[in-house]
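Note that this is a predicted model, so its numbers are computed, not measured. In what follows, every heavy atom counts, from backbone to side chain, and hydrogens, waters and symmetry copies are set aside.
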There are 2 protein chains.
Amino acid sequence: MSEKRNLTDTFAALGDPTRFAIVERLLQDGELPAGTLHGVADLSAPAMSRHLRVLREAGIVSQRVDAQRRLYQVRPEAVKAINDWAISYADFWSGSFDRLSAALRKRTAK
Amino acid sequence: MSEKRNLTDTFAALGDPTRFAIVERLLQDGELPAGTLHGVADLSAPAMSRHLRVLREAGIVSQRVDAQRRLYQVRPEAVKAINDWAISYADFWSGSFDRLSAALRKRTAK
DNA sequence: GCGTTAATTAACGCTTATTGGAAATAAAAA
DNA sequence: TTTTTATTTCCAATAAGCGTTAATTAACGC
């Protein structure tokens with residue numbers, strides 16, 4: 001039920017420096033509990049929790065419950081959606097748009 | 001002098017539905033005067049002008065003066081920057097990450 | 001059951017963004 | 001020069017977002 005989402009919500013969620021840092025941390029380290037993420041910015045647990053909620057509601061991260069911990073990870077579809085959008089305009093921004101990139105474009109556009 | 005910019009600002013600017021619609025319109029139609037863009041949303045000219053300013057300051061669009069009109073267009077680098085970011089995590093979100101996409105990745109990352 | 005740990009929710013204030021309307025600026029047309 | 005068209009800036013009001021502390025829920029070990 002958190003599938004049909006437009007890119008605007010995604011961009012809005014990533015538009016905050018703290019949330020962007022959270023996402024990059026998760027992209028690099030994989031799945032992490034909320035507590036560990038406190039390190040990415042100097043803010044309280046509640047503040048972190050609310051940022052995670054925003055990311056969750058935007059469909060950017062998924063939450064998994066493990067005992068009293070909440071494990072977060074980035075949803076691949078979210079990043080892929082951003083890539084698909086940018087790629088769909090590749091002939092505009094890419095000076096060297098050629099057969100090779102067109103192949104990937106077709107592939108990821110599917 | 002509006003080159004060194006982080007993705008966060010870009011995402012923040014695109015996080016607004018009106019501004020995202022403006023950018024998509026410009027991506028599809030190319031260069032357009034501010035007046036023509038009024039059509040993308042039901043808002044006053046001043047409101048539109050302010051949205052365009054945000055996009056300009058985020059480095060997403062460029063402005064060209066033609067007589068009394070201001071012509072706007074998307075800066076290719078802005079969309080490319082988004083693509084580069086997503087591509088840099090392609091091995092995470094792409095289930096079928098292979099040699100072909102790796103080639104494009106190397107290419108666009110340059 | 002109790003206390004501890006992990007995380008979220010609630011309530012509050014503060015700062016920043018956004019908006020509409022009016023006025024200002026600038027160039028072209030009459 | 002006066003008028004018209006296009007766009008931006010100024011201003012006041014409203015709305016949204018973010019952070020903090022305090023309270024709450026949930027699960028573990030003793």
Side-chain angles (χ1 to χ4, degrees), chain A residues 1-2 5-26 29-75, chain B residues 2 5-23 25-26 29-75:
Chain A
M1 32 230 56
S2 58
R5 217 165 274 296
N6 49 8
L7 265 190
T8 307
D9 292 335
T10 301
F11 286 146
L14 292 177
D16 178 82
T18 301
R19 286 194 291 268
F20 186 74
I22 291 171
V23 169
E24 288 222 301
R25 179 72 191 279
L26 288 174
D29 295 5
E31 196 176 43
L32 290 176
T36 302
L37 289 167
H38 289 186
V40 307
D42 183 30
L43 35 71
S44 64
M48 171 60 65
S49 184
R50 283 195 314 125
H51 279 302
L52 287 171
R53 170 198 269 269
V54 172
L55 289 172
R56 208 187 321 137
E57 292 181 344
I60 297 173
V61 303
S62 62
Q63 187 197 55
R64 187 169 69 86
V65 176
D66 170 48
Q68 66 268 72
R69 295 187 312 169
R70 266 73 171 178
L71 298 172
Y72 287 90
Q73 67 180 67
V74 176
R75 295 181 63 242
Chain B
S2 58
R5 217 165 272 297
N6 50 7
L7 264 190
T8 307
D9 291 336
T10 301
F11 286 146
L14 292 177
D16 178 83
T18 301
R19 286 194 290 265
F20 186 73
I22 291 170
V23 170
R25 180 73 193 278
L26 288 174
D29 296 5
E31 197 175 44
L32 289 177
T36 303
L37 289 166
H38 290 185
V40 307
D42 183 29
L43 35 71
S44 64
M48 170 60 65
S49 182
R50 277 187 297 269
H51 279 302
L52 288 171
R53 170 199 270 268
V54 172
L55 289 172
R56 209 186 321 139
E57 291 181 343
I60 297 173
V61 302
S62 61
Q63 187 197 54
R64 186 168 70 86
V65 177
D66 170 49
Q68 68 268 67
R69 296 186 312 171
R70 267 71 171 178
L71 299 172
Y72 287 90
Q73 68 180 61
V74 176
R75 294 181 64 241

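In this entry the distance linking CG of L43(A) with C1' of dT15(C) reads 16 Å, nearest Å. One interatomic measurement links the two molecules: CG of L55(B) to P of dT18(C), which rounds to 11 Å at whole-angstrom precision. Going from atom CG of D42(B) over to atom P of dT19(C) covers 12 Å, rounded to whole Å. Between E57(A) atom CD and dT9(C) atom P the separation is 9 Å, expressed in whole Å. In this structure, L52(A) atom CG and dT8(C) atom P are separated by 6 Å, rounded to whole Å. Taking atom CE of residue M48(B) and atom C1' of nucleotide dT18(C), one finds them 14 Å apart after rounding to whole Å.
Regarding contacts with the backbone of dT7(D), every side-chain N or O of H38(B) stays at 4.0 angstrom or more from both OP1 and OP2. For Y72(B) and dA6(D), the shortest distance from a side-chain N or O to OP1 or OP2 is not below 4.0 Å.
Nearest approach of T10(B) to A58(B), heavy atoms of both residues: OG1-O, 4.2 Å. In this structure, G15(A) and T8(B) approach most closely via the heavy-atom pair O-CG2, 3.0 Å. Closest approach of I60(B) and A13(B) over heavy atoms only: CD1-CB, 3.6 Å. Minimum interatomic distance between A12(B) and R19(B) (heavy atoms only, all atoms of both residues): O-NH2, 3.8 Å.
Within residues 12-20 of chain A, the residues approached by DNA chain D to less than 4.0 Å at the level of any non-hydrogen atom are D16(A), R19(A), in residue-number order.
For the pair H51(B) and L43(B), the minimum side-chain heavy-atom distance is below 4.5 Å. Counting heavy atoms from C-beta on, the side chains of R70(B) and L52(B) never come closer than 4.5 Å. You'll find the side chain of M48(A) reaches within 4.5 Å of the side chain of I22(A), heavy atoms only. Put simply, the side chain of L14(A) does not reach to within 4.5 Å of the side chain of L7(B), judged on heavy atoms.
Nucleotide dA23(D): paired with dT8(C) (Watson-Crick or G-U wobble, both distances less than 3.5 Å).
Among pairs with a residue in residues 30-48 of chain A, those fulfilling side-chain hydrogen bond (donor to acceptor under 3.5 Å, both in side chains) read E31(A)-R64(A), at least two apart in sequence or across chains.
R50(A) comes within contact range of at least one nucleobase, with a heavy-atom separation under 4.0 Å. Looking at heavy-atom distances under 4.0 Å, A45(A) makes contact with a base.
Taking the side chain of R69(B) as heavy atoms from C-beta on, and the options dA6(C), dA6(D), dC18(D), the nearest nucleotide is dA6(D). Among the nucleotides dT8(D), dG19(D), dT8(C), the one closest to the side chain of S49(A) is dT8(C).
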>> How would you summarise protein contacts on nucleotides 23-30 of chain C per nucleotide, using B for base, S for sugar-phosphate only and - for none, with heavy-atom distances below 4.0 Å?
In response: ----SS--
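Aromatic ring pairs are classed by plane angle as parallel below 30°, tilted from 30° to 60° and perpendicular above 60°; the pair F11(A) and F11(B) is parallel.
Looking at which nucleotide of DNA chain D each of S44(A) and R53(B) is closest to, the 5′-most match is held by R53(B). Residues V54(A) and G35(B) each lie close to DNA chain D; by heavy-atom proximity, the contact nearer the 5' end of the strand is made by G35(B).
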